[in-house]
Structure formats: structure tokens, C-alpha cells
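A short write-up of the structure that comes next.
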Amino acid sequence: MVTGALVLALGVSAAEHSDRSVVKGSKAYELDSCVEPTPVMRKLHPTFIKHQRDITVHQGIRGAKHSLSGCVDCHAAKDAQGKYMPVNAPGQFCESCHEYAGVEIPCFSCHATTPTGRSGE
Ligand code: HEC
Ligand code: HEC
Ligand code: HEC
């Protein structure tokens, strides 16, 4: 596990400019594109998520393409035992890049870090 996380963390630093940082074992790994083009996602995902939160929480609209549970659903990876790993665990998709970028997001104290099976809501 530790070795895997290390390899991933290194992979992400290298991926910053060219390669993809999607995590092996996630749905995203099998797909070609995110909900928006990758360069757009890299730059604007915080805006998309915050906008999504506002329309969900204040206007009651759900199931749109920028939902946080949707991100988790597609980007969470399974381990060798087929069990989902939290997206904010060391070396996993959201965390590895945020750690590299020095960003902390306080969202996962409330939001699920693995797919809940309800993201289509
Ligand atoms: C104190 C608990 C709490 C924290 C911390 C929190 N949220 Fe939420 N969030 C909620 C609740 C409760 C809802 C409403 C859940 C629902 O209606 O599905 C929600 C809904 C959302 C939604 C809309 C539903 C979805 O899955 O898209 C988004 C997007 C969202 N939050 C993003 C964030 C982000 C980004 C952060 C961190 C910057 C964050 N939240 C931190 C409690 C929290
Ligand atoms: C249906 C699956 C899916 C969903 C839902 C999804 N993504 Fe993605 N995401 C991908 C794929 C596939 C890629 C890699 C695209 C590529 O290789 O260019 C990606 C790439 C990214 C990247 C760029 C990574 C890099 O290499 O620089 C970010 C950031 C990202 N996603 C964040 C999010 C966030 C935040 C959400 C929720 C708002 C989300 N994604 C929802 C599939 C998804
Ligand atoms: C390719 C690198 C990368 C990936 C992958 C990535 N992020 Fe980020 N994220 C950043 C950077 C850089 C920032 C801070 C800069 C900014 O706000 O634009 C950020 C900021 C955020 C913020 C805003 C924090 C705040 O307090 O303003 C949220 C929310 C967020 N990311 C959610 C996610 C989620 C959820 C995932 C996984 C699905 C994810 N990110 C994956 C690079 C990434």
C-alpha cells in the first residue's frame, strides 16, 4: 500500500503537465474524458462544484453533471480486494493532487469519500 501511494504521488507530480492523473481501478481510468475537457476541469473544478452545491442546496436541483457524489463515483478506485478506497486517502485522486498543490478541502467530513450508489439522484 505504502509503495503504491508513493508511486502514485510521484506519478501525479509528473502528470501535472502532460500525463493523466486518474487513478487505476476507478471508472475514470477506463474513460476518455471528464464531465468537461481535462484542461477545463484542472482549472475550474472548484467553481463547478461550488456552483453545483448552490443549485442543489438552494434550488433543490440534483443529479446534474457537476455533483460531488458524481466526482467520487467516477474517480474512486478499488483496491486489490475490490473494495473502494476513499478519494481523499493519500495517493488517491483528489488528495494526491491537492497535497501536491497544497490545497486542503474540508468537504469530506460530511460528504462520502467512496461511491454510495446514489449519485444518480
Ligand atoms: C457540514 C457538512 C458539510 C460540509 C463540510 C460540506 N458539505 Fe456539501 N453538502 C452538505 C449537505 C448536508 C448537502 C445537501 C445534501 C443533499 O441535499 O444531497 C450538501 C450538498 C453539496 C453539493 C450538492 C450535492 C452533490 O453531491 O453535488 C455539493 C456539490 C457540495 N455539497 C459540495 C461541497 C464542497 C465542495 C464542500 C467543501 C468545500 C462541501 N460541500 C462541504 C454538507 C456539507
Ligand atoms: C463519468 C466519469 C467522471 C466523472 C463523473 C468525473 N470525472 Fe473527472 N475525469 C474523468 C476522466 C476519464 C478523466 C481523465 C480525462 C483525460 O484523460 O484527459 C478526468 C479528469 C479529471 C481531472 C483532471 C486530472 C488531470 O489529470 O489533470 C480533474 C481535476 C477531475 N477529473 C475532477 C473531477 C471532478 C471535481 C468531478 C466532479 C465535479 C469529476 N472529475 C467528475 C472522469 C470523470
Ligand atoms: C489535477 C489536480 C487536481 C485534482 C485531480 C483535483 N483537484 Fe481540486 N483543486 C486543485 C487545485 C490546484 C485547487 C486550488 C486552486 C483553485 O482553487 O483553483 C483545487 C481546489 C479544489 C476545491 C476548492 C477548495 C477551496 O476551499 O476553495 C475543491 C472543492 C476541490 N478542489 C475538489 C476536488 C475534488 C472533489 C477532486 C476529486 C474528484 C479534486 N478536487 C481533484 C487541483 C486538483
Side-chain angles (χ1 to χ4, degrees):
M1 262 339 281
V2 172
T3 321
L6 260 178
V7 169
L8 271 170
L10 293 172
V12 167
S13 341
E16 240 255 322
H17 299 292
S18 56
D19 212 354
R20 36 180 5 217
S21 55
V22 285
V23 177
K24 197 169 183 185
S26 64
K27 269 187 219 165
Y29 191 78
E30 311 297 329
L31 298 172
D32 289 333
S33 61
C34 196
V35 289
E36 304 289 346
T38 295
V40 176
M41 281 312 283
R42 272 183 200 156
K43 213 163 158 215
L44 291 179
H45 68 276
T47 311
F48 292 143
I49 299 179
K50 282 173 188 168
H51 182 66
Q52 181 70 51
R53 174 177 52 190
D54 292 346
I55 62 176
T56 302
V57 175
H58 302 303
Q59 298 168 37
I61 298 167
R62 285 166 193 284
K65 68 174 176 175
H66 299 136
S67 92
L68 183 58
S69 51
C71 321
V72 171
D73 215 42
C74 207
H75 281 290
K78 288 181 176 168
D79 64 17
Q81 280 73 47
K83 210 170 152 282
Y84 277 112
M85 295 178 280
V87 286
N88 63 340
Q92 295 305 304
F93 186 69
C94 309
E95 174 58 21
S96 55
C97 196
H98 289 160
E99 193 185 23
Y100 179 72
V103 179
E104 271 193 51
I105 60 165
C107 320
F108 295 119
S109 54
C110 297
H111 288 275
T113 57
T114 55
T116 57
R118 347 170 355 225
S119 74
E121 281 175 2

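Computed from a predicted model, the values in this text were never measured in an experiment. Because only heavy atoms are used, hydrogens play no part in the values below, and waters and symmetry mates are left out as well, while side chains stay in. Along the sequence shown, residues are numbered consecutively beginning with 1.
Checking each of Glu36, Lys50, His51 against His66 for a side chain to side chain donor-acceptor pair (under 3.5 Å) leaves exactly one that passes, namely Glu36.
Linking Ile, Leu, Val, Met, Phe, Trp and Tyr whenever their side-chain heavy atoms come within less than 4.5 Å puts Val72 and Val103 in one cluster. A single hydrophobic cluster is seen to contain both Tyr29 and Phe93, as judged by linkage of ILVMFWY side chains at heavy-atom distances under 4.5 Å, directly or through other members. Linking ILVMFWY residues whenever their side-chain heavy atoms come closer than 4.5 Å, directly or via other members, leaves Val40 and Ile49 in distinct clusters.
Going from atom NE2 of His58 over to atom CG of Asp54 covers 4.5 Å, rounded to the nearest 0.5 Å. To the nearest 0.5 Å, atom OG of residue Ser67 and atom CD1 of residue Ile55 are 10.0 Å apart. Rounding to the nearest 0.5 Å places CG of Asp73 at 11.0 Å from CG of Leu68. The distance from the OG atom of Ser21 to the OH atom of Tyr100 is 11.0 Å, given to the nearest 0.5 Å. With rounding to the nearest 0.5 Å, the separation of CD in Gln52 from OG in Ser69 is 8.5 Å. Atoms CE and NZ, from Met85 and Lys78 in turn, are 11.0 Å apart once rounded to the nearest 0.5 Å.
Counting heavy atoms from C-beta outward, Thr38 and Ser33 have side chains that stay 4.5 Å or more apart. Counting heavy atoms from C-beta on, the side chains of Ser26 and Gln92 never come closer than 4.5 Å. A 4.5 Å side-chain heavy-atom check between Met41 and Val35 finds at least one atom pair inside the cut-off. Looking at Val87 and Cys71, their side chains never come closer than 4.5 Å, going by heavy atoms from C-beta outward.
Residue His98 places its NE2 atom among more than 12 non-hydrogen atoms of other residues, nucleotides or ligands, all under 6.0 Å distant. Annotation for Glu104: atom CD does not count as buried by contact number, only 12 or fewer foreign heavy atoms lying within 6.0 Å.
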